[in-house]
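Step one of this worksheet: look at the structure below.
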Amino acid sequence: MDLQWGISTACMYPQPMEKTLKSFVQAGIDCTELFVNTFSEFSPASARRYQKILRNGGTKVVSVHPFTSAIEGLLLFSEYPGRFREGLELYKRYFDFAAHMGAGVVVLHGCIQPPGVPEERYWERYDRLHRQAISQGVRLAQENVVRYMSGSLDMLRRMRENIPDVCFVLDIKQAVRSGYDPFQVLEAMGERIVHVHISDHSPEADCLLPGKGGFDFEKLVQKLEVIHHDLSLVLELYRSDFLDFQDLVNSYQFLKESGKNL
């Protein structure tokens with residue numbers, strides 16, 4: 001299994017995307033997730049600027065995270081059909097941007113609890129969105145998120161059972177915030193995991209730099225070895241969870257070296 005380690009641009013919020021990418025390239029980060037924060041940031045013109053920055057180094061874009069994830073329940077999973085049609089058109093732009101950047105995954109939060117639609121409708125909407133993403137050369141991956149439908153282990157299991165080609169993003173801190181051991185969420189998602197958001201945690205804090213808490217990263221890699229495709233694992237923390245950019249780089253290097261030794 002080929003593990004790719006990286007850092008999400010979300011870690012440096014609210015620093016502008018271009019500045020963050022330049023710092024990633026200069027630091028030699030292998031891969032990144034682009035967390036877009038404005039509509040202009042996923043325009044064709046922005047994609048060309050980002051590609052120019054990335055050509056100066058070896059940093060690869062592996063995923064795209066929409067800033068509209070907070071209102072996906074409203075855009076994509078409500079009972080109002082016209083809003084879904086327009087939401088789909090918006091997400092086609094995300095899919096196109098991701099494909100142009102060489103990313104294989106677009107991250108989905110989905111519908112907040114209580115659900116706006118029944119589970120069966122949720123699966124149908126996800127399936128339509130995912131098939132559209134695949135037609136544009138990417139995959140739409142459901143992330144586990146606290147207070148969302150996807151924060152439930154049972155929901156994740158039922159998605160896996162009812163959508164044969166469903167894809168998942170495993171987020172460690174979100175699992176902890178939902179009251180689960182992250183390995184419970186990993187088992188629920190199984191072989192359908194395509195991307196991982198990495199963080200550490202302790203009894204006192206649910207989001208820490210790797211190595212600052214007690215999470216078993218060796219066990220994580222061993223569990224992921226049963227997944228027979230390339231996987232990207234990116235640090236995704238909040239700006240308040242570390243001191244400076246060098247902290248992130250040191251944590252990234254810790255993970256990358258640990259992965260080599262397992």
Side-chain angles (χ1 to χ4, degrees), residues 4-25 29-77 83-111 125-143 145 150 165-169 171 193-197 229-236:
Q4 302 176 78
W5 298 95
I7 306 175
S8 171
T9 63
C11 296
M12 298 304 294
Y13 179 88
Q15 181 170 277
M17 178 90 77
E18 291 181 45
K19 185 176 181 180
T20 298
L21 284 180
K22 287 176 182 176
S23 65
F24 284 4
V25 169
I29 306 303
D30 285 348
C31 70
T32 185
E33 172 176 277
L34 299 183
F35 195 114
V36 297
N37 288 290
T38 67
F39 290 107
S40 63
E41 284 184 350
F42 62 102
S43 67
S46 292
R48 289 191 291 272
R49 291 198 304 274
Y50 304 152
Q51 287 167 337
K52 185 176 180 180
I53 294 169
L54 295 169
R55 280 197 294 270
N56 293 325
T59 305
K60 175 184 177 183
V61 177
V62 293
S63 58
V64 168
H65 197 309
F67 77 99
T68 48
S69 57
I71 56 170
E72 283 171 346
L74 183 70
L75 288 172
L76 304 171
F77 295 99
R83 201 153 56 213
F84 174 73
R85 289 193 295 269
E86 293 184 9
L88 177 58
E89 290 304 312
L90 172 61
Y91 274 66
K92 286 179 182 179
R93 291 173 54 194
Y94 283 119
F95 303 153
D96 187 60
F97 172 73
H100 276 90
M101 295 305 304
V105 173
V106 174
V107 179
L108 180 79
H109 279 197
C111 188
R125 293 279 177 84
Y126 169 85
D127 190 50
R128 287 181 64 184
L129 288 157
H130 186 44
R131 284 189 280 112
Q132 178 62 45
I134 290 172
S135 75
Q136 293 180 238
V138 298
R139 293 172 290 182
L140 182 67
Q142 174 71 67
E143 181 179 14
V145 185
S150 61
D165 62 348
V166 67
C167 293
F168 290 118
V169 178
D171 189 298
I193 296 174
V194 296
H195 186 51
V196 183
H197 286 160
H229 51 67
D230 294 345
L231 273 177
S232 50
L233 302 89
V234 299
L235 280 165
E236 193 195 61

For the residue pair F42 and F67, categorise the inter-ring angle as parallel (less than 30°), tilted (30 to 60°) or perpendicular (more than 60°).
-> tilted
If the plane angle is over 60° it's perpendicular, under 30° parallel, otherwise tilted; pick one for H65 and H197.
-> parallel
Does the side chain of C167 reach to within under 4.5 Å of the side chain of H130, using non-hydrogen atoms?
-> yes
Derivation of the side-chain contact (heavy atoms from CB on, under 4.5 Å) call for F97 and V106 = CA-CA 10 Å; F97 172 73; V106 174; over 6 Å; no
side-chain hydrogen bond (donor to acceptor under 3.5 Å, both in side chains) partners for N37, two or more places apart = none
With a 4.5 Å heavy-atom cut-off, do E143 and V107 have their side chains touching?
-> yes
Are the side chain of T32 and the backbone of I7 linked by a donor-acceptor contact shorter than 3.5 Å?
-> yes
So Q132 and L140, side-chain contact (heavy atoms from CB on, under 4.5 Å) or not? Walk me through it.
-> CA-CA 9 Å; Q132 178 62 45; L140 182 67; over 6 Å; no
For the atom pair CG (D165) and CG (D127), what is the distance rounded to the nearest 0.5 Å?
-> 6.0 Å
L74 side, atom CG; F84 side, atom CZ - distance, nearest 0.5 Å = 13.5 Å
Could you tell me the separation between the CZ atom of R83 and the CG atom of L90, rounded to the nearest 0.5 Å?
-> 13.5 Å
With S63 via side-chain hydrogen bond (donor to acceptor under 3.5 Å, both in side chains) - residues at least two apart = E33, H195
Looking only at heavy atoms, what is the nearest atom pair of A99 and V138, with distance?
-> N-CG1, 3.7 Å
When V196, V169, V62 are each screened for side chain to side chain contact (heavy atoms under 4.5 Å, CB included) with V234, the one that passes is V62
Side-chain donor or acceptor of T59 paired with backbone N/O of I29 under 3.5 Å | yes
Could you state the interatomic distance from CG (L235) to CH2 (W5), rounded to the nearest 0.5 Å?
-> 8.5 Å
Is a side-chain N or O of E236 found less than 3.5 angstrom from the main chain of S8, in a donor-acceptor match?
-> no
Can you give the donor-acceptor pairs under 3.5 Å from side chains of residues 16-23 to other protein atoms, not counting sequence neighbours?
from	atom 1	to	atom 2	distance (Å)
E18	OE2	R49	NE	2.7
E18	OE2	R49	NH2	3.3
T20	OG1	Q15	NE2	3.0
T20	OG1	P16	O	3.3
S23	OG	T20	O	2.6

Might you work through the side-chain contact (heavy atoms from CB on, under 4.5 Å) test for Q4 and D30, ending with a clear yes or no?
-> CA-CA 7 Å; Q4 302 176 78; D30 285 348; 5.9 Å; no
Got a second to check how far E86's CD is from L75's CG, nearest 0.5 Å?
-> 9.5 Å
Could you grab the distance from atom CG of L233 to atom CD1 of I193, nearest 0.5 Å is fine?
-> 9.5 Å
Please tell me if the side chains of L76 and L108 come closer than 4.5 Å, counting only heavy atoms from C-beta onward.
-> yes
May I ask you to decide if S40's main-chain N or O and S46's side chain share a donor-acceptor pair within less than 3.5 Å?
-> yes
Indicate yes or no for a side-chain donor-acceptor contact from Y94 to the backbone of A133 under 3.5 Å, with no hydrogens or angles considered.
-> no
Under 4.0 Å between a Lys/Arg side-chain N and an Asp/Glu carboxylate O for K92 and E89?
-> yes
Whether Y91 and F95 hold their rings parallel, tilted or perpendicular, with breakpoints at 30° and 60° = perpendicular
Give a yes or no on whether the backbone of E41 and the side-chain of Y50 come within a donor-acceptor separation of less than 3.5 Å.
-> yes
